[in-house]
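Inspection log for the structure reproduced underneath, given as structure tokens.
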Amino acid sequence: VARVPAWVDQAAIVDGIRGRQGQALAYRLIARQVRISDTGESHYTRLVTQPLSEAGLRDAAEIEVAFNPAFETLTFHTLSLSRNGETFDRLDPAGIRLIQREQGFENSLYDGIVTAVIIVNDVRLADQVDLSYTVSGHNPVFGNRHFSAFALGWEVPVDYARVRVSAPSSRKLYTRTFNHNTEPEISKADGRTDYRWSVRNTTPVISEKDAPTWHQPFPGVQITEYRRWRDVTGWASALYDHDNSLPDDLEAQVERWKREEPDSKKRAARALKLVQD
């Protein structure tokens with residue numbers, strides 16, 4: 001638990017359409033910020049919600065944040081309730097539980113992901129729940145190249161959504177927006193370049209039934225240091241590099257087959273039998 005980092009650009013809550021018919025939970029603010037450095041990455045998230053019905057109370061009161069402790073750290077900054085002009089602090093370090101679900105356990109797949117769970121007590125209708133946290137770290141498998149993707153639209157309306165990525169100006173980032181015409185606001189200061197996207201009062205995206213699995217109707221943005229797929233291949237190839245030479249005894253066996261058996265099909269049959277045995 002720590003204060004909000006100094007590099008974070010705080011966002012103000014804006015007025016939105018809160019009382020949409022049938023909506024259980026109003027999303028007042030979704031803010032995602034990333035700070036890239038030569039030593040790693042920090043991903044800051046701020047989420048402000050407001051329950052509008054009994055069904056939305058549980059969603060607002062159950063906080064879950066996933067991270068991988070093998071290479072990431074999770075820091076909570078704020079968890080508060082706003083009610084009738086008053087703000088109540090609900091961030092109690094003793095109330096944070098860590099759960100390791102291992103959802104691939106039945107298939108003998110282990111990812112090491114841990115979920116931090118907080119149950120917020122005494123959440124009432126129209127309360128405003130304000131949560132912020134940072135996940136710091138970067139999977140070493142991916143090297144020191146950044147890539148990320150963020151949504152700019154959801155199945156529910158959002159009053160205000162912001163994305164900000166800050167990187168050293170020496171590191172070139174490439175961006176691409178999907179299903180949206182929002183271009184990034186780019187600014188430079190103190191040797192760093194910031195990319196910002198923001199949308200207000202988003203329209204819900206309704207997914208069509210029976211659409212192909214590859215269809216992606218939601219607005220979003222992708223950010224990467226890879227200019228082309230050839231660069232991605234260059235990174236990935238090193239992960240699968242291995243010595244393709246044959247052991248000395250197998251090399252000797254191949255030479256004996258060449259001398260003893262001129263028929264290539266029979267030589268192949270011998271090789272197949274050796275492998276099967």
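Sequential numbering from 1 along the given sequence is applied to the chain's residues. On a predicted model such as this, the values are computed, not experimentally measured, just so you know.
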Exceeds 12 heavy-atom contacts within 6.0 angstrom, atom [atom1] of [X]:
X    : atom1 : result
R228 : CZ    : yes
Q10  : CD    : yes
E208 : CD    : no
D277 : CG    : yes

Cluster check [X], [Y]: I/L/V/M/F/W/Y, side chain < 4.5 angstrom:
X    : Y    : answer
F147 : W229 : yes
V8   : I30  : no
F76  : V114 : yes
W214 : F178 : no
L272 : V254 : no

Which heavy atom of [X] sits nearest a heavy atom of [Y], and at what distance?
X    : Y    : value
A126 : Q50  : O-NE2, 2.8 Å
E155 : P204 : O-CB, 3.5 Å
S169 : T193 : OG-OG1, 2.9 Å
P69  : G112 : CD-O, 3.4 Å
N144 : E225 : O-OE2, 3.7 Å
P262 : R267 : O-NH1, 3.2 Å

Distance from [X] atom [atom1] to [Y] atom [atom2], nearest 0.5 Å?
X    : Y    : atom1 : atom2 : result
R192 : I36  : CZ    : CD1   : 7.5 Å
I119 : E62  : CD1   : CD    : 4.5 Å
L52  : T49  : CG    : OG1   : 9.5 Å
D231 : R145 : CG    : CZ    : 6.0 Å
L29  : I13  : CG    : CD1   : 4.5 Å
D122 : R83  : CG    : CZ    : 4.5 Å

Using only atom types and a distance under 3.5 Å, with no angle test, would you say the side chain of [X] pairs donor to acceptor with the backbone of [Y]?
X    : Y    : value
R101 : I113 : no
H138 : G40  : no
T202 : V158 : yes
Q216 : F218 : yes
N107 : L109 : no

Checklist entry - Yes or no on side chain to side chain contact (heavy atoms under 4.5 Å, CB included) for R171 and D38, after CA distance, side-chain angles and deciding distance? => result CA-CA 10 Å; R171 297 177 65 168; D38 294 333; 3.8 Å; yes
Checklist entry - Can L81 and V129 be said to form a side chain to side chain contact (heavy atoms under 4.5 Å, CB included), step by step? => result CA-CA 5 Å; L81 290 180; V129 182; 3.4 Å; yes
Checklist entry - After noting the C-alpha distance and the side-chain angles of W235 and F142, does the key distance pass the ring-ring contact (aromatic ring centres under 6.0 Å, His included) rule? => result CA-CA 8 Å; W235 155 75; F142 298 122; 5.7 Å; yes
Item to check | Option among L25, D127, V123 that satisfies the side-chain contact (heavy atoms from CB on, under 4.5 Å) test with L57 | outcome: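 Exactly one pass, corresponding to V123.
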Checklist entry - Which is it for T78 and Y133 under the side chain to side chain contact (heavy atoms under 4.5 Å, CB included) test, yes or no, and what are the steps along the way? => result CA-CA 7 Å; T78 59; Y133 60 89; over 6 Å; no
Quiz question: by atom type and distance under 3.5 Å, do the side chains of [X] and [Y] form a donor-acceptor pair?
X    : Y    : result
D194 : S166 : yes
R97  : T115 : no
S42  : T134 : no
T87  : S80  : no

Could you tell me whether [X] and [Y] have a side-chain N and a carboxylate O separated by less than 4.0 Å?
X    : Y    : answer
R164 : E185 : no
R256 : E251 : no
R162 : D9   : yes
R35  : E41  : no

Given side chains that start at C-beta, do those of [X] and [Y] come closer than 4.5 Å, heavy atoms only?
X    : Y    : answer
T175 : Y195 : yes
I96  : V117 : no
I223 : H146 : yes
V120 : I63  : yes
L274 : W257 : yes
R28  : Q128 : yes
V165 : L173 : yes
E261 : R270 : yes

Checklist entry - With under 30° as parallel and over 60° as perpendicular, where do the rings of F150 and H43 fit, or are they tilted in between? => result tilted
Item to check | side chain to side chain contact (heavy atoms under 4.5 Å, CB included) evaluation trace for T177 with W197 | outcome: CA-CA 10 Å; T177 305; W197 295 261; 3.8 Å; yes
